[in-house]
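One structure is given here, and the rest of the page talks about it.
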Amino acid sequence: MADTTGNTQDLGAKDGPGPQPRRSSWRYIGPGIVVAATGVGAGDLVATLIAGSNFGYTLLWAAVVGCLVKISLAEACGRWHLSTGRTLFDGWASLGSWTTWFFAVYAVIWGFVYGAAAMSSSALPLQALFPSVMDLEYWGIACGLVGLVFVWFNKYAVFEKVMTVLVGVMFVVTVYLAFRVTPNLGDAFAGLLPVVPDEKDSILNTLGLIGGVGGTITLAAYGYWVNAKGWTNSGWMKVMRLDNRVAYLTTGVFVVAMLFVGAELLHSANIALSGGDQGLVQLGDILDDRYGTTTGTLFLVGFFAASFTSLIGVWHGVSLMFADFLARRRGERQARADELASGRRERSWTFRAYLLWLTFPPMILLFQDEPFRLIIIYGVLGAAFMPFLALTLLWLLNSSRTPREWRNGHLSNGMLAAAGLLFLVLAVKQIWDQPWSEFF
């Protein structure tokens, strides 16, 4: 049985031979597609486009490094779940009650603000595609309700299939756009050399690109999706590692393709995009003018796929994490991977309660200005989560909580330490940049 106090009597540390390793095969791939689809949202696409429009291909290397950093983090999450049979929250709880309080406050505030942002982001391309049907706020409500109903009534297997289809749409659209703008491959290969632009704040902008794309709480949810898939022990380790590499290869394709679009379409013509998701609507208009209505419409379809996969991915993955959190608070002190594999968590009232929290209260924000102080707190908590994830994984996977065979090696420690330092620098910058004088 799993012990949450830090003792070594883990599911992954049983006496006798361990589970037989599964042969690594493409037919098992699934959770990686889900985490890639959820992690790359509209905001990530905008950030990459703006990097391409500002610096051309110069920061292509940074986008690639960012994918490698995320591979290490997601692999560590999956390795913890498979090697111990314990969930990530169960591991956090073994480090002290401070992790519980951090997660509780984070989940409540982050979920409230993110819910509105996800619904609004999914609504933007729909309003652009069907401008006379209804206002943006009502498109947002419709997206939130569709996401709620879909996740409420479907278990992981159906969820994964739908996410795979939407990822296919994203893949086709982004690759098509990359070819359509006719990238300069010589300049692109030159962009793989680690060069920092000679401009103000260029180092921080570079670090932001490395840390920003595909880097959210969905990385922590990866282990939960691994278990929900039915992978519950270390015999699935090779499969999980292949799945994880596919996830960030897919993410890399999205990032590189959009950077190509930014470099060729925007940088060469000196076109500046608006910040935020509105920049993607603006890009749709530019594509429409340059390449015709079909290309502009296709891009908006891809924009919707990117936004809606992030919505339903968070609705499912973070709800699983919240259900796990409350299960332990109610006294289930040994959170096991097979509980997730059985699908019981997805039918629990705690899972569905957080789904409702993500959907209905945030609708208020669609009709009014965002609450200023809450947005600052949301920004601070969001900035703190990624260093929290990297550093706690470093702690868990070097301790007796993890079976010796699956503890970190030098490469894993180096990657997680680098990720922790990177996200810590970005967190300090984001916290520093908040308008604190107006907060008080």
Side-chain angles (χ1 to χ4, degrees), residues 35-36 38-41 43-44 46-48 51 62-81 88-89 91-92 95 98-111 113-114 117-118 203-225 244 247-248 251-252 255 310 313-314 317-318 321-322 325 375-398 408 412-434:
V35 77
T38 307
V40 180
D44 300 303
V46 171
T48 310
V64 174
V65 170
C67 291
L68 295 177
V69 169
K70 309 311 185 312
I71 285 175
S72 67
L73 283 166
E75 188 275 342
C77 292
R79 179 154 45 92
W80 166 264
H81 276 248
L88 184 56
F89 184 81
W92 284 339
L95 301 178
W98 64 274
T99 60
T100 301
W101 287 108
F102 175 81
F103 180 81
V105 174
Y106 177 85
V108 171
I109 295 178
W110 182 88
V113 180
Y114 181 83
I203 293 178
L204 289 174
N205 288 332
T206 303
L207 292 177
L209 181 61
I210 294 172
V213 179
T216 66
I217 192 173
T218 55
L219 284 168
Y222 178 64
Y224 287 82
W225 286 323
N244 180 42
Y248 286 97
T251 301
V255 170
S310 293
V314 166
V318 183
M321 294 180 69
F322 191 78
F325 156 68
I375 295 302
I376 291 180
I377 296 171
Y378 166 80
V380 169
L381 289 172
F385 182 81
M386 290 304 289
F388 167 79
L389 175 63
L391 297 174
T392 53
L393 284 171
L394 198 61
W395 188 349
L396 288 170
L397 293 168
N398 282 289
N408 277 359
S412 296
N413 278 329
M415 292 296 289
L416 287 178
L421 180 61
L422 164 68
F423 289 117
L424 192 59
V425 170
L426 293 174
V428 169
K429 180 183 183 297
Q430 186 163 340
I431 293 170
W432 181 268
D433 288 345
Q434 299 293 334

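Atoms considered below: every heavy atom in the structure, side chains included; atoms not considered: hydrogens, waters and symmetry mates.
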Could you pull out all residues at least two apart from [X] that satisfy side chain to side chain contact (heavy atoms under 4.5 Å, CB included)?
| X | result |
| --- | --- |
| Q434 | I376, V380, Q430, W436 |
| V105 | I109, L381 |
| V64 | L192 |
| A74 | L219, Y222, N244, Y248 |

Do any side-chain atoms of residues 417-427 form donor-acceptor pairs under 3.5 angstrom with protein atoms, and if so which ones, sequence neighbours left out?
none

### Message
According to ring pair (Phe, Tyr, Trp, His ring centres under 6.0 Å), who are the partners of Y224, at least two apart in sequence or on a separate chain?
### Response
H81

### Task
Using ring pair (Phe, Tyr, Trp, His ring centres under 6.0 Å) as the criterion, list what pairs up with W98, not counting sequence neighbours.
F388

### Query
According to the side-chain hydrogen bond (donor to acceptor under 3.5 Å, both in side chains) rule, which pairs have a member within residues 383-397, sequence neighbours left out?
W92-T392

Name all residues meeting the side-chain hydrogen bond (donor to acceptor under 3.5 Å, both in side chains) criterion together with [X]; count only those two or more places apart in sequence or in a different chain, and write none if there are none.
| X | answer |
| --- | --- |
| Y114 | none |
| S72 | none |
| N398 | N413 |

Minimal non-hydrogen separation, [X] against [Y], with atom names:
| X | Y | value |
| --- | --- | --- |
| M415 | L68 | CE-O, 3.4 Å |
| G317 | W225 | CA-CZ2, 3.4 Å |
| A76 | L397 | CB-CD1, 3.5 Å |
| T48 | V255 | CG2-O, 3.2 Å |

### Message
Are F103 and Y106, when compared by the centres of their aromatic rings, separated by less than 6.0 Å?
### Response
no

### Message
Please check: side-chain N/O of S310 versus main-chain N/O of T38, any donor-acceptor pairing under 3.5 Å?
### Response
yes

### Task
Quickly, which of W80, F325, F322 forms a ring-ring contact (aromatic ring centres under 6.0 Å, His included) with F89? Name it, please.
F325

### Query
Any side-chain heavy-atom pair from L389 and C77 closer than 4.5 angstrom?
yes

### Query
Given side chains that start at C-beta, do those of L393 and L88 come closer than 4.5 Å, heavy atoms only?
yes

### Option from L73, I217, V69 for which side-chain contact (heavy atoms from CB on, under 4.5 Å) with M386 holds
L73

### Task
Check the pair K70 / V35 against side-chain contact (heavy atoms from CB on, under 4.5 Å), numbers first and verdict last.
CA-CA 11 Å; K70 309 311 185 312; V35 77; over 6 Å; no

